[in-house]
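All values below were derived from every heavy atom in this structure, side-chain atoms included, with hydrogens, water molecules and symmetry-related copies excluded. As the structure is a computational prediction, the values presented were derived from the model and not from experiment.
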Protein chains: 2
Amino acid sequence: MSGFGSGDPFLADCPARLAVELIADKWTVVVLYGLSKGPVRHGELIELIGGISRKMLTQTLRRLEAHGLARRHAYAEAPPRVEYELTQLGATLIDPIHVLTEWAVANGDAVLDALDADPEPVAHSG
Amino acid sequence: MSGFGSGDPFLADCPARLAVELIADKWTVVVLYGLSKGPVRHGELIELIGGISRKMLTQTLRRLEAHGLARRHAYAEAPPRVEYELTQLGATLIDPIHVLTEWAVANGDAVLDALDADPEPVAHSG
DNA sequence: CCTGCCGGTTCCTATCGGAAACCTAGCCTG
DNA sequence: CAGGCTAGGTTTCCGATAGGAACCGGCAGG
């Protein structure tokens, strides 16, 4: 426990908060989930992740790369082929991401249910 | 485990994805982390969470409320007092959130390090 | 030459998000 | 009674960002 801890997620300017902000993003979580299976091609991720655009995928991957969580490997072939994979640091995120996604799978219905039951009053029709 | 699962986080239009999008948000994670300690007042959260504005806090709490993860309790007193706490559904998120924040605390430095080592080329000064 | 494939990037706009002011409501002060 | 304090919330203003559609570029095939 000695040298550990990069601050507290509550503190705005500490590495822990930076790390939270890095991964607590809707696309980032899904992309990491996609990467957690092993090396994947850009196009595969596009197919895999419903609703993501090429731009957002590239952008998200670049961010992961810049923060040391993913690595990009471009094969100098034709047609071009680019694979992404988690780095060793990124691999430490597999568990947290899976815990999160498992929660989502297990409780998505309940969330949807609650949302459905609580439709915020939109203003009366009169 | 039989009837479980509200889809796959990869699918754009399933409850699992909705759930991911609900919590995979920078403020949401930190607010949930704050709520995980038990009932908290709005003002306490403001003090606790560095950098959050009242607007974002209220907005985030409202979203959690609407999705059944948090509950708001306003005491009809003076001065006004409002407490927020996790619902039973929200409490199931404590573990995932803690796993995430613990990862952030443990690896924040490494992330910062990688970011520092990879300063994206900004265009040469010439 | 034209076409298609793959990955990436540019353009443009709707939305997000922060700062700060304003609002409500009850109590205390004078 | 007028004014100010506290605590939570909302509004306004405006810059930053998200995100889709469309375009770019190299190479193989016809």
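In this entry the distance linking CD1 of A/Ile49 with C1' of D/dG19 reads 15 Å, nearest Å. Taking atom CD of B/Glu47 as the reference point, atom P of D/dA7 lies 10 Å away to the nearest angstrom. Across the protein-nucleic acid pair, A/Tyr75 atom OH and C/dG8 atom P stand 13 Å apart, rounded to whole Å. Distance B/Ile46 CD1 to C/dG18 P: 11 Å, rounded to the nearest Å. Here the C1' atom of nucleotide D/dA18 and the CG atom of A/Leu57 are 15 Å apart, to the nearest Å. A straight line from CE of B/Met56 to C1' of D/dA16 spans 14 Å, rounded to a whole angstrom. Taking atom CD on B/Glu44 and atom C1' on D/dG8, their separation rounds to 13 Å, with Å as the unit. Regarding A/Arg62, its CZ atom lies at a distance of 12 Å from the P atom of C/dG7, rounded to whole Å.
The side chain of A/Arg81 contributes no N or O atom lying less than 4.0 Å from OP1 or OP2 of C/dC5. Phosphate proximity of C/dC16 to B/Trp27: absent, as no side-chain N or O sits under 4.0 Å from OP1 or OP2. For the OP1/OP2 pair of C/dC5 and a distance below 4.0 Å, the side-chain nitrogens and oxygens of A/Arg41 include no atom meeting the criterion. A close approach under 4.0 Å does not occur between any side-chain nitrogen or oxygen of A/Gln59 and OP1 or OP2 of D/dG19.
A/Ala70 and A/Leu35 get closest at one heavy-atom pair: CB-CD1, 4.1 Å. Between A/Val20 and B/Lys26, the shortest heavy-atom contact is CG1-O, 4.4 Å. When every heavy atom of B/Gly34 is checked against every heavy atom of B/Leu48, the shortest pair comes out as CA-CD2, 4.4 Å. Nearest heavy-atom pair across A/Leu86 and A/Ser36 is CD1-CA, 3.9 Å. Residues A/Leu89 and A/Gly68 approach most closely at CB-O, 3.7 Å, considering heavy atoms. Listed here is the closest heavy atom pair of B/Leu57 and B/His42: CD2-O, 3.6 Å.
Counting any heavy atom pair closer than 4.0 Å across all strands shown, B/Tyr84 reaches sugar-phosphate atoms only and no base atom.
Remark: side-chain polar atoms of A/Arg17 are paired, donor with acceptor, to backbone N or O of B/Gly50 under 3.5 angstrom.
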Q: Let me have a per-nucleotide readout for nucleotides 19-30 of chain C, 5' to 3', with B, S or -, counting only protein heavy atoms under 4.0 Å.
A: B------S----
